[in-house]
**Student:** 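First, the structure itself, so that you have it in front of you.
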Amino acid sequence: MSAPTTPSSSDATSLDRYFEPTQHEREIYRRWEASGAFRADASSEREPFVISMPPPNATGTLHTGHAVMLAIEDLMIRWRRMQGREALWVPGTDHAAIATESRVIQNLQDGGMADPRAALGREGLIAEIAAFVESSRDTIRHQIRAVGSSCDWSRERYTMDPALNRCVTAVFGKMFRDGLIYRGPRIVNWDPSLQTTVSDDEIEHVERRAKFYTLRYGPFLVATSRPETKLGDTAVAVHPDDERWAEWIGKTFEVPWPKGPTITVRVVADESVDPETGTGALGVTPAHSQIDFEIAERHGLPMIQVIGEDGRMTAAAGEHYAGMTVLECREAFAAELDAAGLLESVEDYSQNASICYRSKQPIEPLPKAQWFISVDEPAVDWRGRKLSLKQVMREVVTSGDIRILPEHQERTYFHWIDNLRDWCISRQIWWGHRVPVWYRGDGEIYVGHRPPEGDGWRQDDDTLDTWFSSALWTWSTLVDPEAAADPDASLAELLARSPDYRAFHPTHVMETGYDILFFWVARMILMTTYATGEVPFETVYLHGLILDKHGRKMSKSHPETAVDPLEVIEEHGADVLRLSMLIGNAPGVDLKLTPERMVGCKRLINKIWNAAKLMQATVERILGDDATARGLPAPPENVEHPVNRWLLARVRALVERVDARLEAYAFGDAAELVRGSFWGELCDFYLEAVKVEPLASERETAETLRYAFATYLRLFHPFVPFVSEYLWGALLATDGDDLLIRAPWPEPVENHRFEREAEGVAAVERLVAAVRGVRVEQGLEPGAKIELDVQALDHAPSLRAAEAIVARLVRAEALRFVEEEAGGASDDGAAVAVDPAFRVTVRLGAADREAERRRLEKQLADIEKRLVGLDRQLANENFLAKAAPTAVESVRRNAEEARATRDAARARLDALS
RNA sequence: AGACCCGUAGCUCAGUUGGUUAGAGCGCUACGUUGACAUCGUAGAGGUCAGCGGUUCGAGUCCGCUCGGGUCUACCA
């Protein structure tokens, strides 16, 4: 292939046989970027349109979830940019604390370092991780580019940037002073394999088979799936109204566990106990169960920790069991109970076990002092009221300040809020934003961005949950790095001194997968409303998951059916990848991505390419040397021919409809509309029509065609930016700087309505279809020439203007227009088709009267059936009285037309017999 | 246990506030083309809109129940 990578206006406009994406995409992207089209101007007078890109893991690689996210966001950004909005799409990456740290530790261990934490120390390990991130983050950057993302790289951010760290500590400090952040001992979700706590939302539940033990417990029978925790019980709880146990309430007894400690157990009455469940008596293990911990708090019960952070039994479990893993101890203890006659029964049942969403390992509830964000403390100033974080989160959605798409996800969101408990934000890992708290002596505490003055201070060892920093993403990315460098500035001052923040926040759309609605979207709402007094975004668009052909979520565990977006780009180009994810896309709807789907998209790209070639050839043929004129064609003004007018009217309608669907976030619909009109109206009809005279040589045809094509290209651009940009450059651009990405979005042209011609050419299309129908019904030889007599009942100008087109499309040798019906009865060698707009007589050498009769009878039956329905509706007084007048009118008109068509068909049928 | 979503042509899905004859792509069948089209065009077959009941002049669309598939949430000892 010897074609220039970048077409320019001076080249002869000959296009290759087909579009070769791999040859052009990189260069086209480079030109977009170099042109400055991606960069937003904070001082612009234009209305902004802003999207914060959900930051991928800095060390990750592009997967289908990213691809659909990028395709949708780039679509919105390109569309709004062409509309004239100051479009800003902020890209960036996330430090993904746990995922990155465990990956690097694994790498080091694979390299022979047994315990990287011990070997390297905190500083050393962090340096190691930072180096790893630095070396691998270019990968994801290049992949984001490869999809064609028109994001503003000059504003790229990273969740560990100094400015973002500044925001993190500023928010932490403010929350601490407002009493929203506190440190306290609670039962936390401990992941022994990762050696850190995780939040409630980072837990997954998996169903699995387990044993259900009922054991004798002093005077009680108590049921549990985790007998080993009973070594740390300090109470039995019963319902206060449960008469079976009334006499025991308040009493204390001792349980000597076989080969274990003797525990002292108090009987307490607690409303939370369900008398119907199990034996109605609940063994209370305050240290290893959330609910038991709460009971213990209410009754002032002691706590015994029998499971340690290493996932093994502690000394408190007794010498015999100490050091065993939880599972070993469960087996051993159950055996001892059984031997001692204390095990009443063991049953199989299925249980929902908690595992960590990162490590997929079991979560161990443990007592631990951690940092929490209170979600119930009414400490947030929100538009003149003091609300809790929960209340604000609810308020902004119910008030409509934030709209969630699909709408039903709002219910899921509210449900989540209702069940939300205080958010544990401290993690026992080293990679992340370190908790900005220093301690001295006992009890002295300092919270701030910098270490406090004086000696003896020690910083908290923990880091913050990754989601703490990503929750600030929409605005921390807009905070000015220089302003952030001032360590004394308050949060409010930071924001006030940041031009980007003032110009571009709140953002407009947050587009992401529904699987991180809680992790991230809800937390951005929580943090941003609190920190800035603004919502982070106005609309939340949640895309569906990308599924494989079996309907499974694509994942590495099923590589045989998973689609690798990078391979698709390599094989078919980024346009095909994007289109296959946009066609059929609707909020919240999962999308099955199959090879067939991509083939269909590839064909469309090919069709656009070929139509461009024909368009150009046609224009050059008509205009000759004048065809070299460049630039965005103005809407043609003095177009006369009905078919040209029809195309302009169709284009006008298309622009209107596409805009409406895009505004409604119905991206799949918009894509279908453009494709359908382009293929069906422009290619199948118009481009065929302009092959014959007089259209084929009218100057206005060239104008119409160029304008229409330029409009389609612009409408296609947000969906398939590369091929559309290439064709723009090859055929329309005035020079190398004239890029489609910057072209104005088409607007519906008011004087292109041409309603009469639009209907007229629709009648032409029906005429063509009717004659083709006759050909099929009559079983004519495909090559057989026919002669037509057309009587125009309506739309005569359009029908006459399209004479040659019809003749060509139906392969007619002659086409005559007649004023009156040419005596159907006597006309044996002819078939007649009827329509409200025309009556067409197809003359054939050897007409099959029977075939025509069958055809007419079928048409008559269809139309009579329809007429019965319409008449019944018109006879229904309720309908006439209650239905909308336009609906009634429309039915009446249709009935009239149907009646006319029926009468004509009947007359012809009579004539035949 | 609760909540939510889905069930429309062989497959993947549209169907916008209830309104005339339920659509598209892919696949299939037949025919035609190869001077825009690693093709493309034309035509065709194929649907009790999961089932039952209700509201309504009118239901794929709204309501209830049933069945089937999926997802999420939850402190069942």
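Keep in mind it's a predicted model, so treat the numbers as computed, not measured. Lettering follows sequence order; numbering is per chain, from 1.
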**Student:** With a 4.0 Å cut-off on heavy atoms, is A:R226 in touch with a base, just the backbone sugar-phosphate, or nothing at all?
**Tutor:** nothing
**Student:** Using purine N1 to pyrimidine N3 plus N6-O4 or O6-N4 for Watson-Crick, or N1-O2 and O6-N3 for G-U wobble, each under 3.5 Å, what pairs with B:A38?
**Tutor:** none
**Student:** Is there a Watson-Crick or G-U wobble partner for B:G2 with both distances under 3.5 Å, and if so, which one is it?
**Tutor:** B:C72
**Student:** Checking contacts here: which listed nucleotide (B:A36, B:U12, B:G2) is nearest the side-chain heavy atoms of A:K592?
**Tutor:** B:U12
**Student:** Of the candidate nucleotides B:A38, B:C72, B:C75, which contains the atom at the shortest distance from the side chain of A:Y18?
**Tutor:** B:A38
**Student:** If you check every side-chain atom of A:H415, which of B:U73, B:A14, B:G41 has the closest atom?
**Tutor:** B:U73
**Student:** If you measure from the P atom in B:G25 to the same atom in B:C40, how many Å do you get, rounded?
**Tutor:** 12 Å
**Student:** Between B:A77, B:G27, B:A14, which one does the side chain of A:S225 approach most closely?
**Tutor:** B:A77
**Student:** Is any side-chain heavy atom of A:H239 less than 4.5 Å from a side-chain heavy atom of A:D270?
**Tutor:** no
**Student:** Give the nucleotide from the list B:C40, B:C75, B:A38 with an atom nearest to the side chain of A:I291.
**Tutor:** B:C75
**Student:** Of all the nucleotides listed (B:C72, B:G19, B:A24), which has the minimum atom distance to the side chain of A:E672?
**Tutor:** B:A24
**Student:** Side chains of A:I622 and A:L705, heavy atoms from C-beta outward: is any pair under 4.5 Å?
**Tutor:** no
**Student:** Assess the side chains of A:T285 and A:D233: does a donor N or O sit below 3.5 Å from an acceptor N or O?
**Tutor:** yes
**Student:** Heavy atoms, side chains only, cut-off 4.5 Å: are A:F519 and A:Y357 in contact?
**Tutor:** yes
**Student:** My understanding is that a pair needs two contacts under 3.5 Å, Watson-Crick or G-U wobble. By that rule, which nucleotide pairs with B:C49?
**Tutor:** none
**Student:** Using a heavy-atom cut-off of under 4.0 Å over every strand shown, decide if A:K691 touches base, sugar-phosphate, or nothing.
**Tutor:** base
**Student:** If you only use heavy atoms from C-beta on, which nucleotide in B:A77, B:C40, B:A74 is closest to the side chain of A:F212?
**Tutor:** B:A77
**Student:** Which nucleotide sits closest to the side chain of A:R17: B:A38, B:C75, B:G19?
**Tutor:** B:A38
**Student:** Could you please name the option among B:A24, B:A77, B:C4 that lies closest to any side-chain atom of A:D274?
**Tutor:** B:A77
**Student:** At under 4.0 Å between heavy atoms, what does A:R421 touch on the DNA or RNA strands: base, sugar-phosphate, or nothing?
**Tutor:** sugar-phosphate
**Student:** Searching all strands shown, indicate the nucleotide that pairs with B:U55 (Watson-Crick or G-U wobble; both distances under 3.5 Å).
**Tutor:** none
**Student:** Under 4.0 angstrom, heavy atoms only, what part of the nucleic acid is A:A611 near: base, sugar-phosphate, or nothing?
**Tutor:** base
**Student:** Looking only at N and O atoms, is any donor in the side chain of A:E688 or the base of B:A36 less than 3.5 Å from an acceptor on the other one?
**Tutor:** yes
**Student:** Reckon A:Q873 touches a base, only the sugar-phosphate, or nothing at all at heavy-atom distances under 4.0 Å?
**Tutor:** base
**Student:** Figure out the CZ/P separation between A:F678 and B:G25, and round it to whole Å.
**Tutor:** 15 Å
**Student:** For A:D515, answer base if it contacts any base atom (sugar-phosphate contacts may also be present), sugar-phosphate if it contacts only those atoms, and nothing otherwise; contact means non-hydrogen atoms under 4.0 Å.
**Tutor:** nothing
